[in-house]
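Here is the structure we will look at.
Here is the naming used below: chain letters follow the sequence lines, and residue numbers restart at 1 for every chain.
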2 protein chains.
Amino acid sequence: MFEPATLKDIAIALGLSTSTVSRALRDTYEISPKTKKLVLEYAEKINYRPNPIAQSLKERRTKSIGVIVSEVANQYFSQAINGIESIAYDKGYHVIITQTHESYEREMINTQHLASRGVDGLLISLSAETKDTGHLSALHDKGLPIVFFDRIAEEIHTHKISANNEKGAFEATEHLIRAGYKKIAHLSSSAHLSISIERLRGYTKALNQYGIALNPDYIKNCPHGGMFQEETESAVLELLNLKEKPDAIFVAGDRLSMGCLTVFKSLNVDALNDMAIAGFSNSDMLDLLKYPLTSVRQPAFEMGQIATTMLLQLIESKRPVTEFENKVLDTKLFLR
Amino acid sequence: MFEPATLKDIAIALGLSTSTVSRALRDTYEISPKTKKLVLEYAEKINYRPNPIAQSLKERRTKSIGVIVSEVANQYFSQAINGIESIAYDKGYHVIITQTHESYEREMINTQHLASRGVDGLLISLSAETKDTGHLSALHDKGLPIVFFDRIAEEIHTHKISANNEKGAFEATEHLIRAGYKKIAHLSSSAHLSISIERLRGYTKALNQYGIALNPDYIKNCPHGGMFQEETESAVLELLNLKEKPDAIFVAGDRLSMGCLTVFKSLNVDALNDMAIAGFSNSDMLDLLKYPLTSVRQPAFEMGQIATTMLLQLIESKRPVTEFENKVLDTKLFLR
DNA sequence: CTGAAAGCGCTAACAC
DNA sequence: GTGTTAGCGCTTTCAG
């Protein structure tokens, strides 16, 4: 097996002590130039790398951050992850990605796992099932830095970054209204998620502003964010079977938007022609779709970058941070 | 900061030695039932978790595996990752995902990073740029278990799992031929990748078998697997500008298939009607596309599972493994 | 300027 | 059955 060189190997080879070698390799300001040179050259020659596990044990940090998302197959999240990596790697941090698949239980397991593996901080977007955030506040109270992105926990006092969901939802709904639709339904993820609440608010606001009455039957939630297609399917069918059938749907999520189109596809095409859709999506393929989908796009990459910058700031701060930011970024509407 | 309980804390609280506590918590067969019970209950009560960093340092293993893929946004890879996780988590292993974005340099950096962080093994699908696999064979020679999936390095002697690319390519090409197309081009990732070689072989074989001459001008490679849209665009334009314009394209990759459609979209629609496409893709959205794309789908989830099973077998094997498997799974053709 | 020694949390001979 | 001790690889007082 794979036995990398250690400090001790260098020390023995050079007739020095491990502490001298250790200092020569990093510290410097009290080591003679000649030993330093000697050590550095030898280390270079044998391609020495300090054992990060030993360093972690000693220094009580792992130079790694944990990320918890619903699923990497979701375009929004894969773009956010790219943003996260771009910052983290620059600063010498490793990124450990985990997926909840919208399950509360998985979220708890992943959280535990990451915490016990000693990540220095956590970047999380809550699962659709998550109502209770006790698993997170427990860790947060013990001092683990956490930053929320996209799907926020209001009750935990830390940095947060999200899209302007209300405004984005407003604009999408407004677009439908201006296009002449009056019976606009709303298909959303689980009702308690921050993004669902905000998007619902934007939808409601747009209806109000244009003098359209809110019809409670028009609002459908998918408790698993459409992770199971049956969920989306039955929600859409319920809408289609209403006596007063809606003529448009504002969909509050990437996976739901696709799920919704899939349901439409499986039905007759007529159902489509008089049913417009606008929805949140970060997919790059929307222009290639058979059905025009007006989309609200979040600045995912940038959100990932900002979340990571915030987290590293918490991690590397000398004194406890007490002022927290709640950053909100604008979405962009793409008409189709 | 976050200071979890240690063995010592338990030992002091219970008036035992750390070794007794350590044994009580795990070993057992020589600890008296009563102390065992005492320790277990107390540990449970204070919610004790062993420090994995210390365990790793001691036991020279981290119970984590590294994964290197091009990008998680690629459906094939996100599905494979789900397969990987499903096995790894079951066996108590943590999964660290990294992306190369098809860059050789990133691949080397990620490999180094994962190795130095002490992953117990590596699951890798080569980047499009990678020609030299010295960075991997160096680690492999030192004893790091590595399993290749999808994009294989022939020269490294270890377990490998891939799709039957040749057969998949053959079937897709054959489908185009039977549909009446005769001037079939081939758009592929970088020429040296195992998947490119195999898919080219399948394409060639189908042409041969149906008595169609191979036209070298019809074969275009994208050295970055279409990671940059310009690359795909210029390749497709070159095909379209040939005096003897092809009437169909067989595309050898997920990203390339989408890139190709995007180029088509940006051109006039007529270019589409007389240009059929068949290609490798694991996207779930193909049925929703404006353009019918006959697709070759790989059993991504299963491949991830098998690769992980193989890797864990290498990692946990008592004696050095010398017999290696080269598993090949069938693809599935979806006509559109 | 350099070395000896302690210790991070855990496991495993080796006593007794 | 349980305690003592050493040691994984590294950093960091504390002495010289």
### Task
Give A:Thr35 one of three labels, base, sugar-phosphate or nothing, depending on what nucleic acid heavy atoms sit under 4.0 Å from its own.
sugar-phosphate
### Message
For the CD1 atom of B:Ile306 and the CD1 atom of B:Ile161, what is their distance to the nearest 0.5 Å?
### Response
4.0 Å
#### Entry: Spacing between B:Ile12 atom CD1 and C:dG9 atom P, to the nearest angstrom
11 Å
### Query
Taking atom C1' of C:dA12 as reference, at what distance in whole Å does atom CZ of B:Arg26 sit?
9 Å
### Distance in angstrom units between B:Leu16 CG and C:dC10 C1', rounded
16 Å
### Message
For the CZ atom of A:Arg49 and the OG1 atom of A:Thr6, what is their distance to the nearest 0.5 Å?
### Response
14.5 Å
### Query
Considering residues at least two apart in sequence or located in another chain, which fulfil the salt bridge (Lys or Arg N to Asp or Glu O under 4.0 Å) criterion with A:Glu102?
A:Arg151
### Residues which pass ring-ring contact (aromatic ring centres under 6.0 Å, His included) with B:His157, listed by chain and number, not counting sequence neighbours
B:Phe324
## Note on the structure
Those residues at least two apart in sequence (or on a different chain) that pass salt bridge (Lys or Arg N to Asp or Glu O under 4.0 Å) with A:Glu71 are A:Arg255
#### Entry: Covered region of DNA chain D, 5' end to 3' end, by chain B [heavy atoms, under 4.0 Å]
D:dG1 to D:dG9
### Query
Has B:Glu155 got more than 12 heavy atoms of other residues, nucleotides or ligands less than 6.0 Å from its CD?
yes
## Note on the structure
salt bridge (Lys or Arg N to Asp or Glu O under 4.0 Å) filter on B:Arg61, not counting sequence neighbours, yields B:Glu59
### Query
Please give, in whole Å, the distance from C:dC8 P to A:Asn51 CG?
18 Å
#### Entry: d(CD1, B:Ile31; C1', C:dT11) in whole Å
13 Å
### Summary
The side chain to side chain contact (heavy atoms under 4.5 Å, CB included) partner of B:Leu311 among B:Val147, B:Ile87, B:Thr158, B:Val67 is B:Val147
### Summary
From CG of A:Leu38 across to P of C:dT2 the rounded distance in Å is 10 Å
#### Entry: Residues which pass side-chain hydrogen bond (donor to acceptor under 3.5 Å, both in side chains) with A:Gln55, listed by chain and number, not counting sequence neighbours
none
### Query
OP1 or OP2 of C:dC10 less than 4.0 angstrom from a side-chain nitrogen or oxygen of B:Tyr48, does that happen here?
yes
### Message
Under a 3.5 Å distance rule, please check whether B:Thr133 uses its side chain to pair with a backbone N or O of B:Leu136 as donor and acceptor.
### Response
no
Run the side-chain donor-acceptor check on residues 316-323 of chain A: report pairs under 3.5 Å with partners two or more places apart or on a different chain.
unit_1	atom_1	unit_2	atom_2	d
A:Glu316	OE2	A:Tyr93	OH	2.9
A:Ser317	OG	A:Arg319	N	3.4
A:Ser317	OG	A:Arg319	O	2.4

### Summary
For A:Lys37, the salt bridge (Lys or Arg N to Asp or Glu O under 4.0 Å) test, sequence neighbours excluded, returns A:Glu41
Taking only distance into account, with no hydrogens and no angle test, what donor-acceptor pairs under 3.5 Å do side-chain atoms of residues 105-114 of chain A form with protein atoms, sequence neighbours excluded?
unit_1	atom_1	unit_2	atom_2	d
A:Glu107	OE1	A:Ser127	N	2.7
A:Glu107	OE1	A:Thr130	OG1	2.9
A:Glu107	OE2	A:Thr130	OG1	3.2
A:Glu107	OE2	A:His135	NE2	2.8
A:Asn110	ND2	A:Gln99	O	2.9
A:Asn110	ND2	A:Arg106	O	3.4
A:Thr111	OG1	A:Glu107	O	2.5
A:His113	ND1	B:His94	ND1	3.3
A:His113	NE2	B:His94	ND1	2.7

Dump every N/O contact between nucleotides 14-16 of chain C and the protein below 3.5 Å, one line per pair.
none

Write out a two-atom table: protein N or O, nucleotide N or O from nucleotides 5-7 of chain C, distance below 3.5 Å.
unit_1	atom_1	unit_2	atom_2	d
C:dG7	N2	A:Lys58	NZ	2.8
C:dG7	N3	A:Lys58	NZ	3.4

#### Entry: Rounded (10°) bend between the five-pair end axes of the helix from C:dC1-D:dG16 to C:dC16-D:dG1
50°
### Query
Relative to the 5' end of DNA chain C, which residue comes earlier, A:Ser32 or B:Leu57, by the nucleotide with the nearest heavy atom?
A:Ser32
### Query
In Å and rounded to the nearest 0.5 Å, what is the OG to CG distance from B:Ser190 to B:Leu126?
9.5 Å
